[in-house]
K.L.:
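Before anything else, here's the structure in question.
All ligand and atom numbering here is 1-based and tracks the order in the structure. Computed over heavy atoms, backbone and side chain alike; hydrogens, waters and symmetry mates excluded.
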Amino acid sequence: MTQTTFATLGLAEDLQRALVAHKFSIPTPIQEQAIPALLAKRDLLGLAQTGSGKTAAFSLPLMQHLSAENVRSMAFGTRALILAPTRELALQIDEAIRTFGSQSRLRTVVIIGGASRFKQVEAMRRGADIVIGTPGRVCDLMQTRELNLSNVRQFVLDEADRMLDLGFIRDIRKIVAVLPAQRQSALFSATMPSEVATLANGLLRDPVRVEIERVEATAPKIDQTVYHLAISGKLPLLGRLLEDSALSRVIVFTRTKHGANKVCETLETAGHRANALHGNKSQPQREKALDQFRSGRARVLVATDIAARGIDVTGVTHVINYDVPVEPESYVHRIGRTARAGAAGHAITFCDGSERGTLRAIERLIGGPIPVAEGSGPPQPQTAPIDPRQNRNRGPKPNQGAKPAQGQRRPYVQRGVRSAA
Ligand code: AMP
């Protein structure tokens, strides 16, 4: 069987060169399936999550279509709109498009809250082929007529399930209402609760449906452990764990913004380079925190779930759940921040007495118990590490054993392309 390459998918040579330059040699499953469908101008429903390569899957065909139109960037002549649930994700998409499109003349503008509205409008005045934004600010500028979407031919709604979680549905409906009917649309979502299905039905025309689950060969190997302890023991334990230099790039998740600040301050007092990332931080503060973490200047990032959504930082060695996440699904999302790109990763969870019920719900969701750290808390019936590859012939796979809760992320397994109609 011949290996699929970006060339065989039908991508233009300038994009292929940019991909080679950035060491993207083999398309990921979502890219393999979505790129030909999008190049053929079909609408697309993509079930895939961050880490699957979905950004390139939608942005490469989008750039190819826009470049083929061969028109000059004009003031307010926006031809493509990409909506993302968080500012960080919007900035990451922008960065990816600039990277792949370095040979093209396409101009991007990011329209997000927490950043200068004036500068965004000015940038659009200079010409914005592609607008990447969060629904709130996009809707805002659209209503003041500072953003004209009447020329949009390409529309992408990324992380639709997160959009709905964050309460963006009304803004999305307002935006979609002004988009021209003659357009190509793609919707990506990690999960497909009924609200997302309804949104997709209203948005997409005879879409190709691509569903990607975690392929066993690339399933992250995450070594998971839980410590049972009193709430008062959490800060001291965190300090002790950080004495180990193997924890070189660490995300600590807390349930609340206040908790994130407290943990961060304590770590700084103890001499650790740490930054907090949560909803009360300004955009420049968030960007600084992420920059320092990415570059290794700060070893620890203390984040809340929402602030950390869509963040893609490679080389995270450890995720520490300082608080057990209230939503079991968040556990999977949190620990997926480590063990990126085939690297090994570690996830450590601190569980106090009041959190045991939630921990059990997480274990039901992932299909097995999380091994208890030596000498910590109540014994568990089974303490084998959870690794999808080990359970291959032993009934249901982890993440599939329990009946999936609504909104549960499924592991990546290629499901093939089919029309959703
Ligand atoms: P995404 O799911 O779009 O956030 O992508 C996850 C990560 O995978 C990003 O860091 C991308 O740069 C990287 N990536 C995406 N596609 C490929 C590919 N075909 N080869 C290598 N890395 C990739």
K.L.:
Which atoms of ligand 1 are found less than 4.0 Å from any heavy atom of S52?
P.N.:
2 (O)

K.L.:
Are the side chains of E211 and M192 in contact, using a 4.5 Å heavy-atom criterion?
P.N.:
no

K.L.:
Measuring only between side-chain heavy atoms, which start at C-beta, is L81 closer than 4.5 Å to I175?
P.N.:
yes

K.L.:
Could you say whether the N/O atoms of T314 and ligand 1 ever approach to under 3.5 Å?
P.N.:
no

K.L.:
Is the shortest side-chain heavy-atom distance between E363 and I370 below 4.5 Å?
P.N.:
yes

K.L.:
What part of F6 sits under 4.0 Å from ligand 1 if we count only heavy atoms: the side chain, the backbone, both or neither?
P.N.:
side chain

K.L.:
Verify whether one side chain among E355 and T358 offers a donor that lies under 3.5 Å from an acceptor in the other.
P.N.:
no

K.L.:
Do any N/O atoms on G53 end up under 3.5 angstrom from N/O atoms on ligand 1?
P.N.:
yes

K.L.:
Is Q92 touching ligand 1 with its side chain, its backbone, both, or neither, if touching means heavy atoms under 4.0 Å apart?
P.N.:
neither

K.L.:
Under 3.5 Å, N or O to N or O, is K54 touching ligand 1 that way?
P.N.:
yes

K.L.:
What pairs with E287 under side-chain hydrogen bond (donor to acceptor under 3.5 Å, both in side chains), at least two apart in sequence or on another chain?
P.N.:
Q283

K.L.:
Side chain or backbone, does I26 bring an N or O within less than 3.5 Å of an N or O on ligand 1?
P.N.:
yes

K.L.:
Indicate yes or no: does an N/O atom of T55 lie under 3.5 Å from an N/O atom of ligand 1?
P.N.:
yes

K.L.:
Under a 4.0 Å threshold between the charged nitrogen and the carboxylate oxygen, would R107 count as salt-bridged to D129?
P.N.:
no

